[in-house]
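Notes for the one structure printed next.
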Amino acid sequence: MSSEAQNTSGTATVDVELTIGNRRLNTKVTVPAGPTQLIDLLPIVDRVADAIVDSAVDEATQQGRTVSCKKGCGACCRQLVPISEVEARKIHDLVAGFDEPRKSHVLARFAEARKRLEESGMLDKLLARSEWDEDVFLEVGTAYFHQGIPCPFLEDESCSIHLDRPVTCREYLVTSPAANCDCPRKDNIELVPLPVKVWTALARFDEGDPNSKYCRWVPLVLAPEWAAEHPNTLPSRPGPELLREFFEQLAGQIPTPATAEAIEPGN
């Protein structure tokens, strides 16, 4: 991220320059110049994620691969979806702002999902996620998928909050046959490889231990209740400062030329 210019309207225009893989992200974004919370910058973060995903899709297309995800294909909406804490608060606020009867219907779906998790014994596992390693995540994720619990926002096999969907959902695209998503395995799902994960940069934002191997996250299916129990206590900071920290988190995932050769495509 480079220069910034403050406007008389109380906002600041920031030049963003970031090289990711073979592509260069070069754009201008406008953020509040004064006290700001990370949740206020999520629309910008979503645009950055979309730009990175679009670039990855273009590269996959050039390699002769075609994204098979489309409207009405909702198998992935039954997966365990990890989201950042700030996005969990966004989900809480989004649902709270729904008009009736939609608000009650969506909350009822969240309650039904929680009930099914509790009955299956999976709720306790999800609540103890800070103790997981990668193997446990994969094990629980597979078991979760077999529960067949739809995302509370899934309607007619399509996302009802598509424009406001979490970054994790934006970053999940496959080029393997859509039918494979009904019974996903390591050997039958071909993801569109991304050079960086924006949701991880969000999840690591303001972490107590920036060197921790695993970042804090919230299961989307528990987002409203988690946010209600964990109100934001972080102090507001200038918008450009928050934006700069986010891009530093993102840039920290980009391999240097010396390490890039050791990384296989798709990892």
Side-chain angles (χ1 to χ4, degrees), residues 36-50 76-98 102-118 122-132 136-137 140-141 144-145 147 149-155 159-172 197-210 212-237 242-243 245-246 249-250:
T36 309
Q37 289 286 335
L38 181 60
I39 196 170
D40 300 321
L41 301 186
L42 286 183
I44 294 172
V45 172
D46 288 345
R47 293 206 307 270
V48 171
D50 290 343
C76 61
C77 300
R78 290 171 175 81
Q79 293 191 27
L80 175 60
V81 178
I83 64 175
S84 61
E85 292 180 352
V86 65
E87 290 179 295
R89 296 187 176 102
K90 173 186 174 181
I91 291 294
H92 172 275
D93 294 347
L94 185 68
V95 175
F98 285 164
R102 185 187 183 195
K103 177 180 176 180
S104 294
H105 289 164
V106 172
L107 287 175
R109 292 178 200 146
F110 273 103
E112 175 61 21
R114 192 185 200 282
K115 179 183 177 182
R116 290 179 60 179
L117 290 171
E118 191 170 17
M122 292 200 63
L123 182 60
D124 288 340
K125 293 182 180 179
L126 290 179
L127 295 178
R129 60 190 176 276
S130 62
E131 303 170 6
W132 296 3
V136 174
F137 186 98
V140 176
Y144 183 99
F145 181 80
Q147 292 291 318
I149 299 174
C151 172
F153 298 113
L154 187 64
E155 297 178 4
C159 178
S160 64
I161 60 163
H162 192 260
L163 294 178
D164 293 300
R165 68 197 186 282
V167 172
T168 304
C169 303
R170 297 170 186 270
E171 294 183 325
Y172 189 90
K197 290 294 185 71
V198 173
W199 95 264
T200 304
L202 274 180
R204 288 196 176 279
F205 199 92
D206 279 325
E207 269 195 337
D209 181 7
S212 174
K213 184 176 180 181
Y214 298 102
C215 55
R216 296 194 307 256
W217 60 279
V218 180
L220 186 154
V221 73
L222 299 178
E225 69 174 76
W226 180 90
E229 296 169 358
H230 298 82
N232 180 39
T233 58
L234 295 173
S236 296
R237 293 157 58 190
L242 286 174
L243 190 66
E245 183 172 331
F246 163 72
Q249 290 285 354
L250 194 60

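Of the possible donor and acceptor atoms, none in the side chain of Arg89 sits under 3.5 Å from a partner among the backbone N and O of Ile39. Judged by distance alone, the side chain of Arg129 and the main-chain N or O of Leu126 form a donor-acceptor pair under 3.5 Å. A donor-acceptor pair under 3.5 Å is absent between the side-chain atoms of Thr168 and the main chain of Val81, judged by distance alone. When atom types are taken as modelled, the side chain of Arg114 and the backbone of Ala111 share no donor-acceptor pair closer than 3.5 angstrom. Not a single donor-acceptor pair under 3.5 Å links the side chain of Glu171 to the backbone N or O of Ala49. A distance-only check finds no donor-acceptor pair linking the side chain of Trp226 to the backbone of His92 [under 3.5 Å]. The backbone N or O of Phe153 lies less than 3.5 Å from a partner atom in the side chain of Ser160, making a donor-acceptor pair. Formation of a donor-acceptor pair under 3.5 Å by the Asp93 side chain with backbone atoms of Lys90 is not found in this model. Remark: side-chain polar atoms of Gln37 are paired, donor with acceptor, to backbone N or O of Leu234 under 3.5 angstrom.
Considering only residues two or more places apart in sequence or on other chains, Arg78 meets the side chain to side chain donor-acceptor pair (under 3.5 Å) condition with Glu157. By the side chain to side chain donor-acceptor pair (under 3.5 Å) test, His105 pairs with no residue at all, sequence neighbours left out.
Considering every non-hydrogen atom in both Leu80 and Pro219, the closest pair reads CD1-CB, 4.0 Å. Scanning both residues, Glu87 and Val167, for their nearest heavy atoms gives OE2-N, 2.8 Å. Between Leu220 and Pro152 the shortest heavy-atom distance is CD2-CD, 4.4 Å. The two residues Cys159 and Leu154 come nearest to each other via the heavy atoms N-CD1, 4.4 Å. The two atoms that bring Leu222 and Glu225 nearest to each other are O-CG, 3.3 Å, heavy atoms only. The two residues Leu243 and Ile44 have their closest heavy-atom pair at CD1-CG2, 4.1 Å.
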Could you walk me through whether Leu117 and Tyr144 pass side-chain contact (heavy atoms from CB on, under 4.5 Å), step by step?
-> CA-CA 8 Å; Leu117 290 171; Tyr144 183 99; 3.7 Å; yes
Just do the side-chain contact (heavy atoms from CB on, under 4.5 Å) check on Leu41 and Phe246 with the steps written out, would you?
-> CA-CA 10 Å; Leu41 301 186; Phe246 163 72; over 6 Å; no
Given the rule in the side-chain contact (heavy atoms from CB on, under 4.5 Å) test, do Val86 and Phe205 qualify, once you have shown the distances and angles that lead to the verdict?
-> CA-CA 9 Å; Val86 65; Phe205 199 92; over 6 Å; no
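We find the CZ-CD distance between Arg204 and Gln249 to be 7.5 Å, quoted to the nearest 0.5 Å. If you take CD1 on Ile161 and CD1 on Ile91, they are separated by 4.0 Å, rounding to the nearest 0.5 Å. Summarising the geometry, atom CZ belonging to Phe110 is positioned 7.5 Å from atom CG belonging to Leu107; distances are rounded to the nearest 0.5 Å. The line from SG of Cys151 to CZ of Arg109 is 9.0 Å long, rounded to the nearest 0.5 Å. For the atom pair CZ (Arg170) and CG (Asp46), the distance works out to 3.5 Å, reported to the nearest 0.5 Å. From Cys169, atom SG reaches atom CH2 of Trp199 across 11.5 Å, with rounding to the nearest 0.5 Å.
Side chains of Leu38 and Asn232 form no contact here, defined as non-hydrogen atoms less than 4.5 Å apart. Counting heavy atoms from C-beta outward, His230 and Glu85 have side chains that stay 4.5 Å or more apart.
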